[in-house]
Amino acid sequence: DIFVYMFVALILSVIGSPLVKLLQKIHIGKHRLPDSVAAGITLAAIVAVIGTLINMVIPLISYEIRQLQSIDLTAMLDNLEKASRQVEQWLRHKHLVSRNFNLAKLLTNRAGEFVGSLHISSIFGDVIGVVGSIFICIFSVLFMTFFALKDDSVFWTMIKKYIPTSLRDNFDNILNE
């Protein structure tokens, strides 16, 4: 997981580095904007853009959930019951099942077994675990992104260690262009 977090932080820092460089050029009197402030403003801008994108998607998901909630379950079950009777009659007519075969009962039993196999308490625990993991992921990515924006050589120094010695000069030339 940590490598995924690092990769996401690397991508976000590459996206945000032009804004950091622009903010670092700002001078207030004789002082320039500190690197940490420029990184913080850039990180806030990245979070705002991502938040806006998420905010645009949430109403669509909410609409779909409302559509699912508006389904009339009793009408759907009545239609399923009618369909199961028709299938059952067809199966009997083709002599594929015995006369005492009850498709509706079979489907009800299978659905009951499925619902019985669901452990609601474990699902709740899983949801809590996922929420915790998402929080840790977001915090880790934001933390690493901040320091990568503050000191843009952090990730490149780590990556450079894994590049063969003979290619490091080429890597430096690419980064400096």
Side-chain angles (χ1 to χ4, degrees), residues 1-20 39-149 152 154-156 158-159 161-163:
D1 287 345
I2 191 71
F3 292 112
V4 173
Y5 301 162
M6 288 175 64
F7 181 72
V8 171
L10 173 68
I11 297 298
L12 292 176
S13 68
V14 168
I15 291 170
S17 65
L19 181 57
V20 170
I41 292 170
T42 302
L43 189 60
I46 290 171
V47 169
V49 168
I50 292 171
T52 302
L53 292 174
I54 289 172
N55 216 11
M56 291 169 47
V57 172
I58 287 176
L60 299 173
I61 294 171
S62 176
Y63 174 77
E64 291 298 325
I65 290 172
R66 281 193 305 275
Q67 291 297 323
L68 286 173
Q69 289 174 338
S70 69
I71 294 174
D72 184 10
L73 290 178
T74 56
M76 187 177 76
L77 290 174
D78 289 342
N79 289 337
L80 283 174
E81 185 179 340
K82 288 176 189 175
S84 71
R85 275 191 257 128
Q86 290 174 348
V87 169
E88 190 176 310
Q89 287 174 357
W90 182 82
L91 290 172
R92 282 192 188 124
H93 177 72
K94 297 293 183 182
H95 303 290
L96 296 173
V97 294
S98 65
R99 299 220 41 83
N100 60 356
F101 176 75
N102 188 341
L103 183 61
K105 185 177 180 181
L106 176 70
L107 292 174
T108 303
N109 289 342
R110 295 291 184 220
E113 289 173 9
F114 174 73
V115 170
S117 70
L118 296 176
H119 301 288
I120 301 301
S121 61
S122 68
I123 291 173
F124 181 72
D126 291 344
V127 168
I128 297 296
V130 167
V131 169
S133 295
I134 290 172
F135 177 75
I136 290 170
C137 172
I138 291 170
F139 178 78
S140 299
V141 168
L142 290 177
F143 183 82
M144 287 187 270
T145 303
F146 174 78
F147 284 102
L149 288 170
D152 61 351
V154 169
F155 279 118
W156 303 122
M158 286 190 320
I159 291 171
K161 290 180 183 177
Y162 294 103
I163 294 176

Ignoring hydrogens, what is the shortest heavy-atom contact between [X] and [Y]? Give both atom names and the distance.
X	Y	answer
Thr42	Gly16	CG2-O, 3.3 Å
Tyr5	Ser133	OH-O, 4.3 Å
Ser13	Leu149	O-CD2, 3.5 Å
Ala39	Val20	CA-CG2, 4.2 Å

field: Contacts of type side-chain contact (heavy atoms from CB on, under 4.5 Å), residue Ala104, not counting sequence neighbours
entry: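 Ala104 satisfies side-chain contact (heavy atoms from CB on, under 4.5 Å) with Ser84, Asn102 only.
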
query: Checking side-chain contact (heavy atoms from CB on, under 4.5 Å) for the pair Leu12/Ile50: CA distance, chi angles, key distance, verdict?
result: CA-CA 11 Å; Leu12 292 176; Ile50 292 171; 4.3 Å; yes

Is any side-chain heavy atom of [X] closer than 4.5 Å to a side-chain heavy atom of [Y]?
X	Y	value
Leu80	Leu107	no
Phe101	Leu96	no
Asp72	Met76	no
Phe143	Ser140	no
Ile134	Ile138	yes

- request: Measure the spacing between OG of Ser98 and CG of Leu91 and express it to the nearest 0.5 Å.
  value: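 The distance works out to 10.5 Å.
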
query: When rounded to the nearest 0.5 angstrom, what is the spacing between CD1 in Ile15 and CG in Leu10?
result: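 So the CD1 of Ile15 and the CG of Leu10 are separated by 9.5 Å.
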
- prompt: Would you find a donor on one side and an acceptor on the other, under 3.5 Å apart, between the side chain of Ser62 and the backbone of Ile58?
  reply: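 Side chain of Ser62 to backbone of Ile58, a donor-acceptor pair under 3.5 Å: no, none is there.
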
- request: Can you run down the salt bridge (charged side-chain N to carboxylate O under 4.0 Å, His left out) pairs that involve residues 73-101, sequence neighbours left out, and say none if there aren't any?
  value: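 Of all non-adjacent pairs touching residues 73-101, those that pass salt bridge (charged side-chain N to carboxylate O under 4.0 Å, His left out) are Glu81-Arg85, Glu88-Arg92.
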
